[in-house]
Novice: 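Quick one: the structure is below, and I'll ask about it shortly.
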Amino acid sequence: MINYQTIVGTVISVTGNTVSVQLSDTVKSNSPIIDGVVYRIGQIGSFLKIPLGYCNLYGIVTQIGASAIPNNLLDKYIENGFDDLSNQQWLTMSLIGEQIGTRFERGVSQSPTTGDAVHLVTISDLKNIYSDYNQVSSINVGNISVSESLNAFLDLDKLVSRHFAILGSTGSGKSNAVGITLSSIIEKDFNRTRIIILDPHGEYNTVFKSHSAVFKIGNKQEEESLYVPYWALPFNELMSLFEAPISDLNRDYFRSKVVEYKIQGAKVNGIAIDSTLITADSPIPFSLKQLWFDLDDFERQTYNERGKPETKTKLLIKGDANKLVSNQYEPASTNNSKPFLNNLAKGILSFLDAIRLKLKDTRYDFLFNPGCYAPDLTGKVDKDINCLLESWLGTSKPIAIFDLSDVPSELMLSISGTLLNIAYDALFWGQNLNNGGKLQPLLIVLEEAHNYLHARENSIASRTVQRIAKEGRKYGVGLLLVTQRPSELDETVLSQCGTIIALRMNNNKDRGFVAAAIQDELKSLVDLLPSLRTGEAIISGEGVKIPSRIQFYKLPNAFKGADPSVSKQWGSSLSDNENAYKDLVTLWRNKKFELEE
């Protein structure tokens, strides 16, 4: 009797995993009541099943109405003037899995045939599917939209190892979905959870509080300050920091000098490495101040005899490498007599001046003056990069948050890319160690990924994320991409995400990129995205047993916005400081955020 109640139609044609169904004339209502529950027949995204002996095939409704009529039958109806269409309804379903006994699996081992009965999927059927999960490797993030009594579980192993993306417009509940997903992982209370969040707006600091170590630029507690030592940057990224033109020849000259000083740095720090393996990209400490000073000194030298460095003129002002003060020599004569200019100079004073200005700019202290990771003039450091990695990856907290809200916008690409590059390279080369990626996987969360992962851009951020997307699963490094503009992301990276979590999305171009990233037969579900409620999402891919429409739980701790409260600030009393704007200009000129006492 129950089976009879749930029959809705008959299979008319099968093409691959697409099934055309003619709804039965005996169905008395499009909203039947079964066991006290009201069901809607033929809603886009709803489930149907086809019993085949001991096996039930499950499918998802992708079309309904005239567009679902098979083409060969449609031609026949057109010839007959549509007379045969009276009282007939059609829908198309895509097969997604099968259930044998109580076990559900993705994919189908057999196909239905014409005449097979098609049934509604009831709440009890869904319970069988959604209750078949591994408690250890699954996380609960919300409820299935069709029934609040059904929990929505995601497969953690496949989420992390195969990468996943959370996509949605502003206000769709995207940040809440990220927070719930990560909170569900934390609640599993694994001993060695390891997650890194690149947070460009400083939103996550308040959400995970006791479960995270936050690294922020300018933090007064050194162990919580975000440092990215300049000597750990690849050479091209280091060069991109200095806004001054330099010829290819002089660029190679500067590269050779960097290698020379890194070889010296390896010696003074007792780093065990063959000097012939050291390149300008090697993460080895060296003193950029001393390199600047030596190159600057060579450019400024004058000689009593032309082309003879041993006849160097007397110093008028003795410089200081630490204070970035140049040596000053007797000025060269203008009438072809001594002192003579250094005719071996490279003509790179403007480039060296750009280096000096950057070294003096306090906004870049996290790069050029990175606390205990800053080399002295010989290149010796108090702490090497292993200590930096340990603070990031070896923290006792499950989450390390890199708060990038104070990183200058022109450096966002270089810094975010370098952070990722340092972490990934370390886990790649240490893959067989106990703290490597294979034995202790890492999940990297890229919040607002479109800000520093633009399509068709050859930045270190884009190159590193592409590398992680393509190779990371082999070495235990997974990605979570979070963005409101998937159309601005690199298509290669998005296509590597095994699970797509799509919340409300109004932009047609963005929906097109989501459609391109999910399996073909489910593309029609993308048309539902503009109508989703806040916090509701369509999940497709390897992280779920079947494509599902779910409602995420609500985070108890709301995200803290970075924007100032306009009404509050405008309503506050006026400052009595007479020198307010004088102080403002002083800070501007000295490139500092606080006045010296």
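The residues of the chain are indexed from 1 along the displayed sequence.
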Novice: Given the side-chain rings of Tyr475 and Phe428, with only the six-membered ring counted for Trp, is the space between their centroids under 6.0 Å?
Specialist: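 Between Phe428 and Tyr475, which both carry aromatic rings, the centre distance is below 6.0 Å.
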Novice: Output all residues satisfying side chain to side chain contact (heavy atoms under 4.5 Å, CB included) with Tyr261, sequence neighbours left out; order by chain, then residue number.
Specialist: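 Testing Tyr261 for side chain to side chain contact (heavy atoms under 4.5 Å, CB included), a comparison that skips the adjacent residues, returns Phe286, Gln290, Leu291, Asp294.
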Novice: I'd like to know if the side chain of Arg363 reaches the main chain of Lys358, judged simply by a donor and an acceptor atom lying under 3.5 Å from each other, with no hydrogens or angles considered.
Specialist: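 The answer is no, because no donor-acceptor pair under 3.5 Å joins these two groups.
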Novice: Using side chain to side chain donor-acceptor pair (under 3.5 Å) as the criterion, list what pairs up with Asn269, not counting sequence neighbours.
Specialist: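 Side chain to side chain donor-acceptor pair (under 3.5 Å) check on Asn269 returns nothing, list empty.
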Novice: Under 3.5 Å, side chain of Arg194 to main-chain N/O of Gln440, donor-acceptor pair present?
Specialist: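 Indeed, once roles are kept as given, a pair shorter than 3.5 Å links the two residues.
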Novice: Taking only residues two or more places apart in sequence, or in another chain, which ones meet Ser495 in a side chain to side chain contact (heavy atoms under 4.5 Å, CB included)?
Specialist: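 Scan of Ser495 (side chain to side chain contact (heavy atoms under 4.5 Å, CB included), adjacent residues dropped) gives none.
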Novice: Any sub-3.5 Å donor-acceptor pair from Asp199's side-chain atoms to Ile401's backbone N or O?
Specialist: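 No.
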Novice: Does the ring centre of Tyr364 sit less than 6.0 Å away from the ring centre of Tyr230?
Specialist: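 They do not qualify: ring centres at least 6.0 Å apart.
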Novice: Can you list everything that forms a side chain to side chain contact (heavy atoms under 4.5 Å, CB included) with Pro398? Sequence neighbours excluded, please.
Specialist: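 For Pro398 the side chain to side chain contact (heavy atoms under 4.5 Å, CB included) partners, ignoring immediate neighbours, are Ile186, Thr193, His211.
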Novice: Side chains of His450 and Thr483: any donor to acceptor distance under 3.5 Å?
Specialist: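 Yes, a side-chain donor-acceptor pair sits under 3.5 Å.
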Novice: For Arg162, what residues pass the side chain to side chain donor-acceptor pair (under 3.5 Å) criterion, not counting sequence neighbours?
Specialist: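 Partners of Arg162 under the side chain to side chain donor-acceptor pair (under 3.5 Å) test: Glu542.
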Novice: Using only atom types and a distance under 3.5 Å, with no angle test, would you say the side chain of Lys262 pairs donor to acceptor with the backbone of Ala280?
Specialist: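 Answer holds: yes.
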Novice: State yes or no: are the ring centers of Tyr373 and Trp231 separated by less than 6.0 Å?
Specialist: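 No - the distance between ring centres of Tyr373 and Trp231 does not fall below the 6.0 Å cut-off.
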Novice: Report the C-alpha separation of Glu224 and Lys216 in whole Å, then their side-chain angles, then the decisive distance to 0.1 Å, and conclude whether the salt bridge (Lys or Arg N to Asp or Glu O under 4.0 Å) test is met.
Specialist: CA-CA 7 Å; Glu224 296 179 2; Lys216 181 178 173 65; over 6 Å; no
Novice: Keeping the roles fixed (side chain from Gln551, backbone from Thr534), state whether a donor-acceptor pair exists under 3.5 Å.
Specialist: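 Such a contact is found between Gln551 side chain and Thr534 backbone.
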Novice: How about Ser256 and Glu260: does a side-chain donor come under 3.5 Å of a side-chain acceptor?
Specialist: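 Ser256 vs Glu260: no donor-acceptor pair found between side chains.
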Novice: Taking CD in Glu471 as the centre, count heavy atoms belonging to other residues, nucleotides or ligands within less than 6.0 Å. Is the count above 12?
Specialist: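 Enclosed.
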Novice: For Glu237, is there an ion pair with Arg463 - N to carboxylate O distance below 4.0 angstrom?
Specialist: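 Yes, charged N to carboxylate O under 4.0 Å.
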Novice: So, using side chain to side chain contact (heavy atoms under 4.5 Å, CB included) as the criterion, who are the partners of Asn140 when residues are at least two apart?
Specialist: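 Asn140 satisfies side chain to side chain contact (heavy atoms under 4.5 Å, CB included) with Asn151, Phe153, Tyr553 once adjacent residues are dropped.
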Novice: Taking the side chain as every heavy atom from C-beta outward, state whether Pro486 and Val514 have any pair of such atoms under 4.5 Å apart.
Specialist: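 Yes; the side chains approach each other to less than 4.5 Å.
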Novice: Quick check: are there more than 12 heavy atoms from other residues, nucleotides or ligands sitting under 6.0 Å from NZ of Lys158?
Specialist: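 Result for NZ/Lys158: open.
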Novice: Take Tyr227 and Phe215, measure what ring pair (Phe, Tyr, Trp, His ring centres under 6.0 Å) needs, and give me the verdict at the end.
Specialist: CA-CA 8 Å; Tyr227 292 131; Phe215 300 93; 9.7 Å; no
Novice: Do Asp281 and Thr279 get their side chains close enough for a donor-acceptor pair, meaning under 3.5 Å?
Specialist: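 Not at all, the side chains of Asp281 and Thr279 share no donor-acceptor pair under 3.5 Å.
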Novice: Can we say Asp425 and Arg467 salt-bridge, meaning some charged N sits less than 4.0 Å from an Asp/Glu carboxylate O?
Specialist: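 Salt bridge present between Asp425 and Arg467.
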Novice: Hey, are Asp510 and Ser487 close enough side-chain-wise for a donor-acceptor pair under 3.5 Å?
Specialist: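 Yes, because at least one side-chain N or O of Ser487 sits under 3.5 Å from a partner of the opposite role on Asp510.
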